[in-house]
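Data block below; observations after.
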Number of protein chains: 2
Amino acid sequence: MRVTNDVGADRLAELARALADPTRAAFCLALLDGRAWTAGELARHAGVAASTATEHLHRLTAVGVLTERRQGRHRYVELADARVAAFIEDMAALLPPAPAPVTGLRSAAASTALARGRTCFDHLAGRLGVTLTEAMAAHGHLETDGGFALSGKGLHWMEASLGVDTAAWGRRRPVARACLDWTERRTHLAGQAGASLCRALFDHGWIRRVGSTRAVRLTDGGSDALQALLGIDASELGLL
Amino acid sequence: MRVTNDVGADRLAELARALADPTRAAFCLALLDGRAWTAGELARHAGVAASTATEHLHRLTAVGVLTERRQGRHRYVELADARVAAFIEDMAALLPPAPAPVTGLRSAAASTALARGRTCFDHLAGRLGVTLTEAMAAHGHLETDGGFALSGKGLHWMEASLGVDTAAWGRRRPVARACLDWTERRTHLAGQAGASLCRALFDHGWIRRVGSTRAVRLTDGGSDALQALLGIDASELGLL
DNA sequence: GGAACGGTTCGGCGGGCGCCGAAGCGTCGA
DNA sequence: TCGACGCTTCGGCGCCCGCCGAACCGTTCC
């Protein structure tokens, strides 16, 4: 006896197909910032004609991934709800960590750099991501029991110490989410707080990309700042 | 500044495309039972030629959704790991609950039947699913704090009282998982335990499908059984 | 009113993909 | 050893879909 519904496969495939295009995927990843984007912004972001973007947006709204809001001559779209945002983050986290295009002597150095710290789409992963997450939890900025949640203290800390405009966070994307990727077996901070944290560290010059890869390196200033803000001893933890 | 990696969209789309076909989706849903299937079994299950199934399986293994094991002249495939299984369940749970093909006077009756109890792919949702889940938790069969987990007592209960062969559960799919769908705002039991529970209730004749829909109805025998096993008062809870 | 602009619709092009059947290969059992 | 069987490869067919430019519609601003 087969309990699974036959028709379920069709509907599941239809939903998957909505994300199964590089342009539509780029839209969804862009919308992961929780804001509402106009159709034109998304078209330019993905590098396609406005007409093409229109078709894609129709499709994404039809399957319930996006919601739209007409305002004047603009069409604003955003992720339908927090569940959709979480789903897209989960799918992104399911991807193997790196395409590893380079082989040879450089590979070893590159992979240790990735293990030290890297971006996982729009937030931080690797030892750096895990260390930051645990330090925030230790300082009471982050609740980690029963799902991640930013505390009131943490919210204020992100505003005061990192200069994050938390009021600009959209309501669609979860503020704090746990992300577990393939290399690290521990979770790190994702969601809007994770994205803002990553962006703030870049903006302050505390972390920098290694070449054009996903690996990030802690700068000297960043090392001092993390020591002062969270009591993180970067050299001891092998983050340099 | 855009932190999100451009190339990420391509890889995300590639993963999504792997599931974006009714046949491949049917494979994945079938494999959600946690067992390893042969290529031929999946081909017959989905109603495609063996050659077609081969191509699909290549694709699914290439993106890391499935793992394969050659054994004699058979090719066994199963879901790559528990994260993949959880991801597919999450995606399935994201689908709107019912296509609602019929309109008119029957709609109201049909939708209340769906609210009362229905299958959510291979487990039970609706008031029936929620009630069973909470009753199992109240009896110590299920831990619901910090993620669902079946207790040792619950494992024995499923074997002794429901006749479930828990030893046959595969290692790929999580045993107990929380599933939240659109209509109910409370979670219900999914995963292998949820699937086995649903199947056992069908096999014992305690629940029955309403026509060919996803709605299920508690039988008289089922009402008595749930009273005896879990102290559930079906009539009081509006499950009849 | 007219120009600029964002978004939409439509037609057409090209590529990718899912499907099958036929042929072939390796394994298993008589 | 030989046939049955499970799976794979290959060629070919047809459909679907993503892309663009051109024309069009509604809003905004001058």
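Please read these numbers as outputs of a predicted model, since none were measured by experiment. Residue numbers begin at 1 in each chain, while the letters A, B, ... track the order of the sequences. The figures here come from the full heavy-atom set of this structure, side chains too, leaving out hydrogens, waters and symmetry mates.
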I would like to know whether D90(B) and R83(A) meet salt bridge (Lys or Arg N to Asp or Glu O under 4.0 Å); could you show each step before the answer? CA-CA 9 Å; D90(B) 283 337; R83(A) 297 183 62 210; over 6 Å; no
Please assess C179(B) against E89(B) for the test side-chain contact (heavy atoms from CB on, under 4.5 Å), listing each intermediate value before the final yes or no. CA-CA 8 Å; C179(B) 179; E89(B) 288 196 328; over 6 Å; no
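Annotation: proximity of residues 14-26 of chain B to DNA chain D (heavy atom, distance under 4.0 Å) is found for no residue.
Picking from dC17(D), dC19(D), dT8(D) the nucleotide with the shortest atom distance to the side chain of R59(A) gives dC17(D). Looking at the side chain of T54(B), the nearest of the listed nucleotides dT8(C), dC19(C), dT8(D) is dT8(D).
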Return a table of donor-acceptor pairs under 3.5 angstrom between the side chains of residues 162-170 of chain A and protein atoms on other chains or two or more places apart.
unit_1  : atom_1 : unit_2  : atom_2 : d
D165(A) : OD1    : A167(A) : N      : 3.4
T166(A) : OG1    : E159(A) : OE2    : 2.3
W169(A) : NE1    : S196(A) : OG     : 2.8

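Applying the salt bridge (Lys or Arg N to Asp or Glu O under 4.0 Å) test to residues at least two apart or on different chains, the pairs with a partner in residues 46-68 of chain B are E68(B)-R70(B), E68(B)-R75(B). Evaluation of the salt bridge (Lys or Arg N to Asp or Glu O under 4.0 Å) test over residues 18-34 of chain A, restricted to residues two or more places apart or in two chains, returns D33(A)-R35(A).
A50(B) comes within 4.0 angstrom of a base, heavy atoms only.
As rounded to whole Å, 16 Å separates atom C1' of dC7(D) from atom CZ of R69(B). When the C1' atom of dT9(C) is taken as reference, atom NE2 of H56(A) falls 15 Å away, rounded to whole Å. The NE2 atom of H74(A) sits 12 Å away from the C1' atom of dC29(D) (whole-angstrom rounding). At whole-Å resolution of the value, CD in E55(A) and P in dC17(D) are 12 Å apart.
For R70(B), a side-chain nitrogen or oxygen approaches OP1 or OP2 of dT8(D) to under 4.0 Å. An OP1 or OP2 oxygen of dT8(D) is reached within less than 4.0 angstrom by a side-chain nitrogen or oxygen of R75(B). Phosphate proximity of dC20(C) to T52(B): present, with a side-chain N or O under 4.0 Å from OP1 or OP2. Dashed line: the shortest gap from a side-chain N or O of H58(A) to OP1 or OP2 of dG7(C) is not under 4.0 Å.
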Which atoms of nucleotides 24-30 of chain C (N or O only) lie under 3.5 Å from a protein N or O atom, and what are those distances?
unit_1  : atom_1 : unit_2 : atom_2 : d
dT27(C) : O2     : R73(B) : NH1    : 3.2

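W206(B) is linked by a side chain to side chain donor-acceptor pair (under 3.5 Å) to nothing, counting only residues two or more places apart in sequence or in another chain.
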